**Student:** 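Structure in structure tokens, see below.
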Amino acid sequence: MSHYRSNLRDIEFNLFELLRVQRSLGTGPFEQMDEDSARAVLAEVERLSRVDLAASFTESDRVPLRLVDGEVSIPEGLTASLDAYFGGEWHRMQLPEHLGGLGASQSVAWAAMSMMLGANPAAVMYTAGPFFAAITDRLVTPEQRERWVVPWVERQWGGTMVLTEPDAGSDVGAGRTKATDNGDGTWSITGVKRFITNGDFDWPENIVHLVLARPELPPEPPRPGTKGLSLFIVPKYWVNDDGSPGERNGAKVTHLEDKMGLKGSSTCELTFEGARGVLVGETHDGIAQMFKVIEYARMLVGTKAIETLSTAYLNSLAYARQRVQGADLLRATDKSAPRVEIIRHPDVRRMLMRQKAHVEGMRALVLYTASVQDDIEAREAAGEAGSEEHRAAVKRNDLLLPLVKGYGSEKSYELLADSLQVLGGSGYCREYPHEQYIRDAKIDTLYEGTTGIQGQDLFFRKIGKDQGQTLLALTTEIAESAKGDAGDGALAAERAQLGDALEEVQQMLGAMVGYLGHESGKGIYLVGLATTEFLYALAELVIGWLHLRSAEVALAALAGELTDADRAFYEGKVASARWFCGQVLPGLATRRRTIAGSDMALMELDDSAF
């Protein structure tokens, strides 16, 4: 039996009822895929995820990867899952049409990706090559496209993003890997990189590494920091003129990390010993180019975490419905009272609703972000790149990504403990998937920028760089929802709670901006103490807004003729919204008091006192 339990019904609700993405399907860049074909694709991806990908989930955790002579071998089950994925041409989901893409919108593609990530994230990590190729396609020359990108996609090669170095960690600008111009259009790359996801595996015939390195251009000294980095294509095997793999390149795995979770995904130390590479674009453009890949990776990480929580919750729900233990609390002192399913116990119901409301709200956040990406892509295809509307959409996507990645990963990891707790002692045993879910999900708060980095990115780059205009546009929409009347008064309390939460967030932001002018001249410390809390608060505000909008749609549907299953679904959507607005949004007042009450004491405390 598959460990994976999908929630295709909720995915389709978000896409087609809440966000109405069908309005853009079948047109413009999405002409190849209308609503009917999108639904068919999602149904087939659900089957692929539940059957073919989920089949190797446990094996990928318990059968170790093997590193022999710089080559990594993966378990047979993972190989079979990759055969099914690539054999079904699913890698074409997120490719542009000129590279053989299926014409899926970003919202449909991320909906599909979410199910695959929930079923087997380790397997999905290995499929990233064609997606990285699509991003690289936007950065290279026509000649480089034919030589590198086309075979990368057509031959289904692997792909990596190679940033981190052992001594630098998240300080990418401290990297020392160097690039020397060979004078023939190629460069020699020398250095050591660490924590490279899927740095090697034996399914594809080749792997293309996207490497950040510091070019040496005498007589000028190498530029320091991130502005001195350039991006290079460095293949495992050099590529012949006909696109086939040639001789072995000088990029080899010298260590395989022994991790607490996500064990099926090979995390490698890569050593470059004069490896040949090709410069992408111009020198010193590397960090801006790599951020295209990083943004995709951050969306993927947040989605992975949220969908892991989703399947964990649904497994816990199934257990709670059939596990009989204890009497109903109303008859707790009656020794003759019948035993009931644990879903009848108040504390179990509290844990279940806490998971349900958060995972549904965070899924709405992911797919709302993807719908913004739809708008960006449609405007670019229509020749509107650079227009005011296009720039606004790009900035909104940028604003939302730290919420998806930072809040999505942290809250999902936290609530996975509730999923396990519902099962009691059984959840601690390996016959259930929850302990693997927890181990696999912890990495999501760490890689592609820790949560602290996401909070600083949100405040300083996504809000500060445009003086809060993008945030203002979003909060204006939230304010309009809080003042609206959809739902015929049934959501009046929730609207008030959303309005109060919005005011709390605005006060937090005001306090943080004020800290920058602190009399000590060190007010940036106070901002740094607040950025993670502010990220959480803004994420909860946006999720509360999306919950309210979902409840409006559900209430309208409940007024019509429905099947029993649909009625239960829509009632659940309204219940999730009410619970989130009533139980989570009031907590923003505490977050605001925490931020407003910050002082310099923590930063002035001597290190020895910790």
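Fair warning: this is a prediction, and the values are worked out from it, not measured in the lab.
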**Student:** So that I can tick it off, tell me whether Arg567 and Glu561 are bridged by a salt bridge, with the cut-off set at under 4.0 angstrom between side-chain N and carboxylate O.
**Tutor:**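 Looking at Glu561 and Arg567, the cut-off is not met.
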
**Student:** Short question: side chain of Arg349, backbone of Ile343 - any donor-acceptor pair under 3.5 Å?
**Tutor:**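 Judged by distance alone, yes, a pair lies under 3.5 Å.
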
**Student:** Please identify which of these residues, Glu360, Glu46, Glu17, meets the salt bridge (Lys or Arg N to Asp or Glu O under 4.0 Å) condition with Arg9.
**Tutor:**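 In the set Glu360, Glu46, Glu17, the residue that makes a salt bridge (Lys or Arg N to Asp or Glu O under 4.0 Å) with Arg9 is Glu17.
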
**Student:** Please report whether the ring centroid of Phe569 lies less than 6.0 Å from that of Phe13.
**Tutor:**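 Under 6.0 Å, so yes.
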
**Student:** Is there a side-chain contact between Ile463 and Phe534, using heavy atoms and a 4.5 Å cut-off?
**Tutor:**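 They are in contact (side-chain heavy atoms under 4.5 Å apart), so the answer is yes.
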
**Student:** What I want to find out is whether Arg354 reaches Asp418 closely enough, with some N-O distance under 4.0 Å, to be called a salt bridge.
**Tutor:**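 A salt bridge links Arg354 with Asp418.
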
**Student:** Can Glu552 and Arg549 be counted as an ion pair, charged N to O under 4.0 angstrom?
**Tutor:**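 Not counted as a salt bridge, because no side-chain N and carboxylate O are separated by less than 4.0 Å.
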
**Student:** Any salt bridge linking Arg391 with Glu388? Criterion: basic side-chain nitrogen under 4.0 Å from a carboxylate oxygen.
**Tutor:**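 Here Arg391 does not pair with Glu388 in a salt bridge, since their nearest N and O are not under 4.0 Å apart.
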
**Student:** Less than 4.5 Å apart, side chain to side chain, heavy atoms only: is that true for Val293 and Thr136?
**Tutor:**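 They are not in side-chain contact.
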
**Student:** Answer whether the closest heavy-atom distance between the side chains of Tyr525 and Leu602 falls below 4.5 Å.
**Tutor:**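 No - every pair of side-chain heavy atoms lies 4.5 Å or more apart.
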
**Student:** Please work out which of the three classes, parallel, tilted or perpendicular, describes the rings of Phe57 and Tyr437, given edges at 30° and 60°.
**Tutor:**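 Tilted.
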
**Student:** Would you say the side chain of Gln454 lies within less than 4.5 Å of the side chain of Tyr407, judging by non-hydrogen atoms?
**Tutor:**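 Heavy-atom side-chain distance check fails, nothing below 4.5 Å.
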
**Student:** With a 4.5 Å cut-off on side-chain heavy atoms, are Arg39 and Leu15 touching?
**Tutor:**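 SC-SC contact between Leu15 and Arg39 ruled out.
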
**Student:** Looking at Trp110 versus Tyr368, is the centre-to-centre ring distance below 6.0 Å?
**Tutor:**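 No; Tyr368 has its ring centre 6.0 Å or more from that of Trp110.
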
**Student:** Side chain to side chain donor-acceptor pair (under 3.5 Å) between Asp374 and Gln106: does it pass, once the steps are laid out?
**Tutor:** CA-CA 6 Å; Asp374 287 352; Gln106 290 298 310; over 6 Å; no

**Student:** Which of these passes side chain to side chain contact (heavy atoms under 4.5 Å, CB included) with Met508: Glu533, Arg591, Glu503?
**Tutor:**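 Of the listed options, the one satisfying the test is Arg591.
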
**Student:** Between Lys405 and Glu295, is the closest basic N to carboxylate O distance under 4.0 Å?
**Tutor:**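 No, no charged N to carboxylate O under 4.0 Å.
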
**Student:** Under a 4.0 Å N-O cut-off, is there an ion pair linking Glu448 with Arg298?
**Tutor:**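 So Glu448 does not pair with Arg298 through a salt bridge.
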
**Student:** Below 4.0 angstrom, N of the basic side chain to O of the carboxylate: do Asp10 and Lys573 qualify?
**Tutor:**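 Salt bridge present between Asp10 and Lys573.
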
